[in-house]
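Heads up: the structure comes next, in structure tokens.
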Amino acid sequence: MCGICASIGKGNQIEDVLKGLKRLEYRGYDSSGIALLKKAKIETIKSVGTINRLEEKVCGNDNSNVVIGHTRWATHGKVCKENSHPHLSFDGSVAIVHNGIIENFEELKKQLDGVEFHSQTDTEVFSNLIAKESGSSLEKLLSASKKVQGSFAIAVLFENEKKIYCAKRKSPLYVAIRQGQIMAASDISAFEDKFDFFYVLEDDEFAILSENKVEFFAADCTGIEKEQKMFEKTAFFEDFPDEKCFMRKEIAEQPIVLKRTSFKYFSEKVVSDETISKLKKFHNFHFVACGTAYHSALLGAEYLQRFAKKHCEVSVASEFRYGSQKINKKCLYVFVSQSGETADTIACASMVKEKGAKVLCVTNVPYCTLNNLADFILPTFAGKEIAVASTKAYVAQVFTMLILAGLMSEKDLSETLKRFVLSFQIKPFPEEILKEIFSYSKIFFVGRGQDYVTSLEGALKLKEIAYINCIGIAAGELKHGTLALVDDKTLVVVISTKKSMREKIENNIQEIKARGGKILLLSQFEHNVDVEYKIDLTAFDEEFMPIESIAFLQQLALAYALAEGYDPDKPRNLAKSVTVE
Ligand code: M6R
């Protein structure tokens with residue numbers, strides 16, 4: 001995973017690189033580091049932990065106008081200073097920061113006979129390969145890149161050279177330019193507040209950043225012209241306020257996100273009638289996504305089936321990618337991804353495209369790798385989501401796919417959708433219930449139909465930020481095995497928002513109670529069974545209830561994490577954007 005950020009210009013660039021890295025921390029925050037060119041020599045500063053720790057290590061004397069930096073999510077080798085980037089070559093002449101995975105690094109290591117390695121990373125091989133090549137710096141970089149298999153976005157420093165060399169394959173890399181400064185980064189969010197223009201580097205292209213210009217090269221070393229893109233400074237551009245808990249902020253923002261989404265689709269018509277007519281022609285839809293986005297895809301499929309009468313399938317990207325299914329050219333493949341940078345999802349989209357099928361991407365980040373592969377784009381308008389646990393991006397995806405289903409349906413749902421966004425609010429999770437349920441560490445989430453999806457998402461939130469080993473399960477599946485785990489120390493969170501399923505859910509509750517399990521029921525209606533705890537949901541139309549109910553489960557997870565003193569925004573072992581498979 002990891003994020004890279006580099007800057008060259010007039011004056012000290014360290015501050016801008018650190019600022020950029022902070023904005024890329026969503027890609028990993030195990031350790032970080034920078035390399036600077038000082039009196040033509042390369043120096044590195046590294047630290048385990050977040051960029052704040054690295055910042056503490058940078059002292060007043062550290063000053064350079066050529067700086068590359070990295071924030072790491074460990075793939076090869078444990079989290080420690082030695083494994084953190086930048087990695088120097090054996091002779092200290094080359095420093096590299098890298099996002100991606102060098103798949104043949106063991107093999108390449110054997111070829112680098114006599115070189116002493118100081119880390120367990122795949123990246124250190126790359127800096128040494130470059131240093132061992134001959135020719136100009138660009139030629140060295142080109143020949144080393146040819147030997148490398150896998151994915152990379154890199155920024156490289158050579159001693160004695162006031163330049164930053166960049167290259168990429170499969171991992172994203174952007175370059176931005178303004179008077180007196182040029183930056184490169186894994187994501188435009190690293191510098192979008194300062195620049196008006198940027199370039200998107202394509203696979204196997206190279207860039208040389210010097211103090212006053214940037215040059216681009218193709219894989220054969222010939223110079224190329226690249227199209228300049230303008231940043232879309234959106235009206236809802238949210239910078240990084242001094243927020244202590246982004247997850248709390250992002251949960252609270254959900255009503256505004258839905259209002260914005262409704263405005264974008266119904267007033268600004270971000271997706272044209274012509275596109276909708278094209279989409280309507282497809283009868284089969286196959287959704288592919290990972291994690292939370294997979295859960296929203298499950299709901300998207302449900303909505304398209306229910307309202308637009310389409311035939312839908314849903315797959316987890318990492319399974320779809322290696323599965324034996326045939327790609328159907330008449331089917332529309334829908335890839336759902338907040339970041340648009342998730343490696344497995346991207347790989348599936350490329351595969352589908354190569355086989356001649358059409359691709360629809362539901363993404364929250366306009367300039368992302370996934371959108372480059374899209375025939376159709378359905379943007380979501382969550383705004384920046386910083387916390388690793390997805391909250392507002394999830395409801396934005398769910399609501400956007402509900403809008404899509406509405407636009408493709410015979411029945412006009414627009415007025416119902418607009419009315420919902422005007423009345424939807426985040427209600428706080430009842431404190432008195434929280435106090436009582438904190439003692440449970442064995443928790444199941446159950447539901448049927450759309451509530452099953454909410455139970456999966458509720459369980460994922462609690463796992464990822466509160467580290468509680470819980471599961472979400474279809475209520476009807478309980479008695480096929482999992483019920484064996486239920487005892488009087490178990491809390492079962494039951495989501496019941498489908499009237500047609502009320503009796504079935506009541507039976508499930510009885511089965512749990514008979515084994516001593518305690519129930520926390522989330523519902524907008526009464527049930528003929530006593531439960532220990534109940535949260536009364538607002539009674540919206542059934543299709544909106546996943547949005548209403550998940551807000552409580554997000555708050556539940558947040559409360560558990562905070563009670564344990566965990567940082568909900570940066571859970572251990574995870575990163576926001578999973579850019580490796
Ligand atoms: O950026 P994406 O939506 O493609 O990310 C997919 C998952 O990695 C992501 O949803 C993950 O499961 C969330 N962090 C969970 O809260």
Side-chain angles (χ1 to χ4, degrees), residues 1 3 24-29 73 171-172 186-187 189 246-247 250-251 254 287-300 314-321 334-350 359-371 373-374 377-380 382-398 400-401 445 453-454 456-468 470 472 550-551 553-558 560-561 566-581:
M1 260 107 79
L24 297 177
E25 266 188 324
Y26 73 87
R27 305 175 74 91
Y29 38 79
W73 184 85
S171 298
S186 304
D187 174 352
S189 68
F246 281 104
M247 186 176 173
E250 288 160 5
I251 293 172
Q254 289 176 150
F287 291 75
V288 181
C290 302
T292 287
Y294 168 70
H295 298 155
S296 70
L298 288 171
L299 286 173
V314 191
S315 298
V316 165
S318 53
E319 289 297 313
F320 179 82
R321 188 172 174 186
V334 185
F335 297 90
V336 187
S337 173
Q338 186 282 129
S339 61
E341 297 297 347
T342 300
D344 279 318
T345 312
I346 293 169
C348 293
S350 314
V359 165
L360 164 65
C361 295
V362 183
T363 47
N364 193 44
V365 177
Y367 296 104
C368 61
T369 309
L370 204 52
N371 281 356
L373 298 165
I377 296 172
L378 213 58
T380 59
K384 260 183 224 313
E385 192 180 62
I386 308 290
V388 166
S390 188
T391 54
K392 64 173 181 171
Y394 173 70
V395 301
Q397 286 162 349
V398 171
T400 304
M401 287 189 278
F445 293 78
V453 179
T454 305
L456 293 175
E457 177 58 9
L460 180 61
K461 292 289 90 99
L462 196 62
K463 272 183 256 189
E464 72 176 329
I465 64 165
Y467 317 142
I468 289 182
C470 57
I550 194 59
L553 302 187
Q554 294 165 345
Q555 292 179 73
L556 175 71
L558 179 62
Y560 261 77
Y566 302 138
D567 177 355
D569 292 341
K570 294 196 176 81
R572 68 186 182 205
N573 306 340
L574 300 178
K576 178 113 190 110
S577 194
V578 184
T579 57
V580 292
E581 56 173 289

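All ligand and atom numbering here is 1-based and tracks the order in the structure. In what follows, residues are counted from 1 in the order of the sequence shown.
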Verdict with supporting geometry, E341 and R27, salt bridge (charged side-chain N to carboxylate O under 4.0 Å, His left out): CA-CA 10 Å; E341 297 297 347; R27 305 175 74 91; 5.5 Å; no
Kindly assign one of parallel, tilted or perpendicular to the pair F335 and F320, based on the angle between their ring planes and the thresholds 30° and 60°.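 Plane angle over 60°, so perpendicular.
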Is there a side-chain contact (heavy atoms from CB on, under 4.5 Å) between L553 and F445? Walk through the geometry before answering. CA-CA 10 Å; L553 302 187; F445 293 78; 4.0 Å; yes
In this structure, does ligand 1 have an atom that sits under 4.0 Å from one of the heavy atoms of [X]?
| X | result |
| --- | --- |
| S577 | no |
| V388 | yes |
| K461 | yes |

Would T380 and N364 satisfy side chain to side chain donor-acceptor pair (under 3.5 Å), going step by step from the backbone distance to the final call? CA-CA 5 Å; T380 59; N364 193 44; 3.0 Å; yes
Which atom of L460 lies closest to which atom of G291, heavy atoms considered: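 Taking every non-hydrogen atom into account, CD2-C, 4.1 Å.
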Taking all non-hydrogen atoms of both residues into account, name the closest pair between S390 and E385 and its distance.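 Shortest heavy-atom separation between S390 and E385 comes out as OG-OE1, 3.0 Å.
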Heavy-atom side-chain proximity of F287 to L298 below 4.5 angstrom: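 A side-chain contact is absent here, since even the closest heavy-atom pair is not under 4.5 Å.
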What is the closest protein heavy atom to [atom], and at what distance does it sit?
| atom | value |
| --- | --- |
| atom 3 (O) of ligand 1 | Q338 N, 2.7 Å |
| atom 1 (O) of ligand 1 | S339 OG, 2.6 Å |
| atom 4 (O) of ligand 1 | T342 OG1, 2.4 Å |
| atom 8 (O) of ligand 1 | V578 CG2, 3.8 Å |

Which residue is it: K392, Q254, K461? I am looking for the one with a side chain to side chain donor-acceptor pair (under 3.5 Å) to Q554.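 Per the side chain to side chain donor-acceptor pair (under 3.5 Å) rule, the option paired with Q554 is Q254, out of K392, Q254, K461.
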Of all the atoms in ligand 1, which lie at a distance below 4.0 Å from a heavy atom belonging to [X]?
| X | answer |
| --- | --- |
| C290 | 6 (C), 7 (C), 10 (O) |
| G291 | 12 (O) |
| A293 | 3 (O), 10 (O) |
| A389 | 16 (O) |
| E464 | 14 (N), 15 (C), 16 (O) |

Working for side chain to side chain donor-acceptor pair (under 3.5 Å), residues T363 and Q338: CA-CA 5 Å; T363 47; Q338 186 282 129; over 6 Å; no
When you measure from atom 13 (C) of ligand 1 to each heavy atom in T363, V336, T292, which option holds the nearest one?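 Minimum heavy-atom distance to atom 13 (C) of ligand 1 goes to T292.
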Report yes if some N/O of Q397 lies less than 3.5 Å from some N/O of ligand 1; otherwise report no.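 No - when backbone and side-chain N and O of Q397 are compared with those of ligand 1, no distance drops under 3.5 Å.
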